[in-house]
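See below for the structure under consideration.
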Number of protein chains: 2
Amino acid sequence: MGFYENDEDAFLPLRDVVFKQLREEILYGKLKPGERLMEIALSERLGVSRTPVREGIRLLEKEGLVVMLPRRGARVASITAKQLEDVLEARRTLETFAANACCAKITKTRFEELKEANRKFSEAVDSRDLRQMADTDTAFHNIIIDTAGNEKVKELLVSLKEQIFRYKYEFMKEMDDPTRLVREHDQIIKAIGECRSDRAVEMIRMHIDSQAIAIYRKIK
Amino acid sequence: MGFYENDEDAFLPLRDVVFKQLREEILYGKLKPGERLMEIALSERLGVSRTPVREGIRLLEKEGLVVMLPRRGARVASITAKQLEDVLEARRTLETFAANACCAKITKTRFEELKEANRKFSEAVDSRDLRQMADTDTAFHNIIIDTAGNEKVKELLVSLKEQIFRYKYEFMKEMDDPTRLVREHDQIIKAIGECRSDRAVEMIRMHIDSQAIAIYRKIK
DNA sequence: TAGCGGCTCATTGTATACAATAAAAAAACC
DNA sequence: GGTTTTTTTATTGTATACAATGAGCCGCTA
């Protein structure tokens with residue numbers, strides 16, 4: 001690669017370095033949906049041979065970030081309205097499960113983390129730093145998912161969210177009142193704090209759906 | 001590979017042939033959990049070079065059938081009780097969602113397919129052919145999932161089921177009364193036919209849970 | 001004999017060369 | 001001039017050679 005993002009990467013297999021790099025570029029829009037990923041061009045740009053590039057691309061496919069056609073190479077995954085709906089529906093299903101489980105397992109410290117996470121999200125919203133907003137929002141949701149304690153569900157949700165991250169990112173750019181998200185988070189926190197799992201589930205559902213509708217509008 | 005399962009495979013990239021072959025061997029127990037997958041040995045056995053073997057193994061990793069450790073190669077995924085619980089919980093969450101959606105979208109022809117599928121499953125149970133039982137059971141559930149019409153959920157469920165297929169297979173071997181499964185299927189069909197989605201969801205949940213408990217017992 | 005250190009070997013990681021193929025361009029034909 | 005066929009070229013698929021590394025072995029030392 002010629003350079004390394006940080007020292008950790010120096011010990012990672014090159015395929016993972018390639019994976020991380022390309023993932024970053026896809027998620028934050030440098031590589032756009034539908035764009036071809038050509039092995040030779042990438043290996044030259046990244047300064048490695050084709051082998052780790054191929055393997056890195058396979059990892060991206062695993063995360064649903066690229067699609068491969070035999071003998072035709074890989075493209076950054078683009079998404080149809082139907083696929084977006086499907087992903088969001090799957091996400092909603094799993095994340096409402098997580099919210100429910102979270103209510104049963106929440107601890108005092110976890111609850112405080114949740115509040116702290118939303119505070120950070122609120123700051124990010126105030127700062128209008130898009131990247132920061134996206135990251136802190138993810139962190140907030142991840143606390144709920146972590147508390148639910150189901151590793152497989154977590155893994156699936158990470159993958160599902162990555163698949164629509166790019167669109168969410170674009171959508172946040174044009175959102176008129178992002179402070180609404182902060183208030184929605186607060187309501188979720190409140191429901192969890194009161195151990196009202198039905199309400200928490202409903203809040204999460206609404207929270208995801210409202211974003212879903214906005215993203216959906218943008219896609220079309 | 002030297003030979004081909006069928007003509008279709010002759011046109012597939014070798015990585016896919018390798019993937020299919022190894023997947024078969026893992027699912028039906030020829031390759032056992034924890035067993036190492038060594039690239040050179042496999043490439044010799046399958047008559048291809050290491051490259052497609054490596055890529056085939058990556059595909060297996062994507063399906064959760066093998067786990068890879070950097071510089072230590074790949075092993076057939078074995079599962080802890082906790083992981084099994086997590087997978088089953090995720091499956092239950094998504095499949096109850098599918099059952100619910102199925103009730104809303106079921107058509108007359110699909111309903112007939114469902115009944116036919118359970119008839120075939122019943123025959124398989126009578127014949128005591130384990131492989132047949134597993135396949136027809138999967139086919140039955142797949143009709144419900146297909147009818148739900150969410151491709152992403154389907155994809156996730158396929159992967160989740162594969163991860164526990166081997167254990168289910170082992171468990172079926174020692175099941176005392178497999179006809180119970182046929183009756184459970186019948187109840188699910190009935191609930192769907194009556195458009196009682198609450199009941200269908202509950203039936204699916206029970207159906208999965210009863211298997212879950214049995215598999216769980218076996219693992220421990 | 002227990003523990004340390006370096007050696008060997010098996011195995012994965014990476015690079016590269018060659019083969020196969022699909023898309024694009026050029027040529028031949030009507 | 002347009003259409004089909006051939007040729008070229010770009011790109012992926014596959015094989016293989018070499019490098020790097022981790023695991024186990026063996027002898028050394030105390």
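Chain letters run A, B, ... following the sequence lines, proteins first and then strands; every chain starts at 1.
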Interatomic distance where [atom1] belongs to [X] and [atom2] belongs to [N] [whole Å]:
X: B/Arg58; N: C/dT14; atom1: CZ; atom2: C1'; result: 12 Å
X: A/Met38; N: C/dA22; atom1: CE; atom2: P; result: 18 Å
X: B/Leu14; N: C/dA20; atom1: CG; atom2: P; result: 12 Å
X: A/Met68; N: D/dT11; atom1: CE; atom2: P; result: 15 Å
X: A/Glu55; N: D/dG13; atom1: CD; atom2: C1'; result: 14 Å
X: A/Phe11; N: C/dT12; atom1: CZ; atom2: P; result: 22 Å
X: B/Leu12; N: C/dA20; atom1: CG; atom2: P; result: 18 Å

So does [X] get a side-chain nitrogen or oxygen closer than 4.0 Å to the phosphate oxygens (OP1/OP2) of [N]?
X: A/Thr51; N: C/dT14; value: no
X: A/Ser49; N: C/dT14; value: no
X: A/Arg72; N: C/dA23; value: yes
X: A/Arg15; N: C/dG13; value: yes
X: B/Arg54; N: C/dG13; value: yes

Next item on the list: Check every strand shown and say whether B/Leu69 touches a base, only sugar-phosphate, or nothing at a heavy-atom separation below 4.0 Å.
Entry: nothing
Notebook entry, point to check: Which part of the nucleic acid, if any, lies within contact of B/Ile57, taking any heavy atom under 4.0 Å across all strands shown: a base, the sugar-phosphate backbone alone, or nothing?
Noted result: nothing
Any side-chain heavy atom of [X] within less than 4.5 Å of one from [Y]?
X: B/Leu88; Y: B/Tyr216; result: no
X: B/Pro33; Y: B/Tyr167; result: yes
X: A/Met175; Y: A/Leu181; result: yes
X: A/Ser78; Y: A/Glu35; result: no

Could you work out which one of [options] sits closest to the side chain of [X]?
X: A/Glu39; options: D/dA15, C/dT12, D/dG13; answer: D/dG13
X: A/Arg50; options: D/dT14, C/dT14, C/dT11; answer: D/dT14
X: A/Arg36; options: C/dA15, D/dT12, D/dA15; answer: D/dT12
X: B/Arg71; options: D/dA17, D/dT14, D/dA20; answer: D/dA20

Margin query: Reading DNA chain D from 5' onward, which residue's closest nucleotide shows up sooner: A/Ile40 or B/Pro70?
Written below: A/Ile40
Note to self: Applying the side chain to side chain donor-acceptor pair (under 3.5 Å) criterion to A/Glu95, which one of A/Arg205, A/His207, A/His141 satisfies it?
What the structure shows: A/His141
